[in-house]
Structure formats: structure tokens, C-alpha cells
Amino acid sequence: MNGKMQTDALDRLSALLPPGIACRVLGLGDGDVLAVLRQTVIDHQLADPNCYRLTAESPDFPASHLGNTDGCSSDPERKGSIAGLFDIRGDLVAYGALTLPRPGESSRCDSLDLPADERHLTAYLASAMVRADWRGFGLHHALIEWRLALASALGRRHMVSATWPGNYRSWGHLTAHGVHGKKLVMIADGVWRLLVHRDLESHPPQADPSTTLLIPLSKLAHRKELFDAGFWLWRLVRQPEGLFAELAHPLALVKRNNPPVKPGAYLTEL
């Protein structure tokens, strides 16, 4: 990726951040502080260990995403980029990683029915974490938008991520940005993951209201047959009885006069 693309995406990210938070691309010298933040979140903030499994990561992550901070292509082994958010004291309080699979490289994108000639146009919304005292300030939403904008600039139209079905904060935020749940897949360590996807260049999909189902959060991981039958996960629904996942079939026909939704458009609904 070239430096201008990275700079433009960072400018977009900076505009979304609250006062007192600064952003930059993380480099090799940030490995230690990144490791501390990740371990703090994993040890103290996860409601369930299934939310995040280090054993499910690529063994070279996050080192493979840390390189020259200008984001240029001078790092031939670099597989992606990580944006870090820093508080007024200079402490790393959040980060978001974007992985750029190489042509022919296997990934969780393989579980989606993407056209063969577009499989090289994927980007993976990889790990993202926010320190507990900075939750509720929109940092995760901003990091999602940074990754969508950067992927779009790079021509990576297919955005993909995988999250534990019980991690409603993660997939609830992603669906708010138009990244909808489409598959339930088993990963290597025997844990189910919800595979979410958005095509940045397609017309915005719409749910068929006549097929809407509300699935209790505790049951979502056990409803693989619904995803196999073509249901998508559209949003998180909060009701007096608890949390629910709204599933529905996508409408088969979308009006052609609706333009594709650009990254950032969904923020008006948050």
C-alpha cells in the first residue's frame, strides 16, 4: 500500500476520534506495548474465553502486520496493517488490524461463496481490542471505519471477519457498519465462529422482513442450519427479555438506482 492511502485513511480515523485520543500506524517498535494491551484485554476483559483464542491466530500475528510506519510496500513480508489509538499520556488504549490475504492464500474467506475472480480482492477485519476504561467512546466503531476505508482505497472490495457468536459487542458493531453475518463455521480449535462479510462495491443488501427471526443470543451458536438455509445476521436487538440476534433472508432484488454505500455511511445510524 502506498503512503497516501494510509495517510488518507488515518485522517478519516482521526476525525472520528474523541478529544484526547491520537492515532497512528503501529511499527516494529510498538510490539511490546501491543502485547501488553492484548494480554490485559484477554486476561481481564473477556466475558468468556471463547471471545478470543490466541491459538486460533496465525502464528506470525501481530508481528507480520508491524513494519515501516509509513505503510509503504517496502516491507515485502508484511501481511497487513495495525492502527493504534493513544491517550493523552501516550498509552496504547486500542488497536485494529487489517489483514490483506495474498492471492491463493487460504483464509476464512474460503468459506464464503465469493466469485472465483474476486477472491483476491478480500481484506480481513482481524483482531481489534479496546482497553476497558475507553469502552463506550466509539473507538471500535472508528477502527472499523478505518479498516473499511483503507480496504476500499486498496481495491479490496470484500470485507470479511470471524467472531465468536456470543461476542455480541463485536458482531453487533460490525453489523452496524453493514458487515453482516453469513455463515457459522468451525475453526481449528473446535470453536464456532460467525463469519461476517460486506461487499464494499455492491448495492446495500436489505433484509426480507417477512422472514425475520429473533434468536436468543445463547442459542445463536446452535443455529447453523439457519445460516446454511440462507439466513443472514442483520443486527443485535435488545429487548426486556434479553439480547437477540435478528436473522432474515436478504431480499433477492435490490433497486438498481440505489448507489453502493461508501464506508462511513452507516455511522449516521449509530
Side-chain angles (χ1 to χ4, degrees), residues 1-18 21 23-26 61-62 65 71 78-85 94-101 107-109 112 114-115 118-130 137-163 167-183 193-206 232-236 250 254 258-270:
M1 67 189 79
N2 65 49
K4 185 177 187 307
M5 289 180 180
Q6 191 74 270
T7 299
D8 289 348
L10 279 176
D11 287 345
R12 182 187 193 88
L13 173 58
S14 180
L16 296 172
L17 297 176
I21 293 292
C23 62
R24 63 175 172 82
V25 174
L26 299 186
F61 182 85
H65 290 52
R78 190 171 181 180
K79 295 183 178 180
S81 188
I82 301 177
L85 306 185
Y95 77 89
L98 181 72
T99 299
L100 303 172
S107 72
R108 296 198 180 109
C109 306
L112 294 171
L114 299 181
E118 295 179 7
R119 288 184 176 272
H120 66 292
L121 301 178
T122 59
Y124 189 71
L125 290 151
S127 172
M129 296 184 183
V130 178
F137 289 88
L139 303 191
H140 188 218
H141 286 294
L143 288 166
I144 292 173
E145 279 300 307
W146 170 72
R147 290 176 287 176
L148 294 179
L150 183 56
S152 179
L154 294 169
R156 301 284 187 125
R157 64 184 290 178
H158 291 291
M159 301 299 302
V160 180
S161 189
T163 182
N167 191 358
Y168 65 90
R169 288 187 177 89
S170 178
W171 60 253
H173 288 180
L174 289 166
T175 56
H177 294 259
V179 189
H180 301 297
K182 297 185 178 180
K183 296 281 187 181
R193 287 292 182 261
L194 175 68
L195 202 60
V196 298
H197 167 253
R198 176 181 167 187
D199 183 350
L200 295 173
E201 296 184 13
S202 75
H203 295 273
Q206 299 177 35
W232 290 8
L233 171 59
W234 294 88
R235 66 187 182 104
L236 176 70
V254 178
N258 288 341
V261 174
K262 298 297 184 181
Y266 286 91
L267 284 176
T268 60
E269 302 175 5
L270 299 179

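All values below were derived from every heavy atom in this structure, side-chain atoms included, with hydrogens, water molecules and symmetry-related copies excluded.
- Expressed to the nearest 0.5 Å, how far CD1 of Ile144 lies from CG of Leu139 amounts to 11.5 Å.
- A donor-acceptor pair is defined here as one N or O able to donate and one able to accept, closer than 3.5 Å; no such pair exists between the side chain of Arg147 and the backbone of Leu98.
- Residues His65 and Ser81 bring no donor and acceptor atom of their side chains to less than 3.5 Å of each other.
- Summarising the geometry, atom OG belonging to Ser127 is positioned 10.5 Å from atom CG belonging to Leu143; distances are rounded to the nearest 0.5 Å.
- Heavy-atom minimum distance, His180 versus Leu233: CB-O, 3.4 Å.
- Listed for the Arg157 side chain is no donor-acceptor partner under 3.5 Å among the backbone atoms of Ser152.
- Remark: Met159 CE to Arg198 CZ distance equals 9.0 Å, nearest 0.5 Å.
- Note that NE2 of His173 and OG of Ser161 are 13.5 Å apart. Values are rounded to the nearest 0.5 Å.
- Taking every heavy atom of both residues into account, Cys23 and Leu13 meet most closely at CB-CD2, 3.8 Å.
- Summarising the geometry, atom OG1 belonging to Thr175 is positioned 10.5 Å from atom CH2 belonging to Trp234; distances are rounded to the nearest 0.5 Å.
- Between Ile82 and Val25, the closest side-chain pair of non-hydrogen atoms is not below 4.5 Å.
- In this structure, Leu85 CG and Leu26 CG are separated by 9.0 Å, a value rounded to the nearest 0.5 Å.
- With Leu200 as the fixed residue, the side-chain contact (heavy atoms from CB on, under 4.5 Å) test singles out one of Leu121, Val179, Leu148: Leu148.
- Counting heavy atoms from C-beta outward, Leu195 and Lys182 have side chains that stay 4.5 Å or more apart.
- Salt bridge annotation for Asp8-Arg12: absent, with no cationic side-chain nitrogen under 4.0 angstrom from a carboxylate oxygen.
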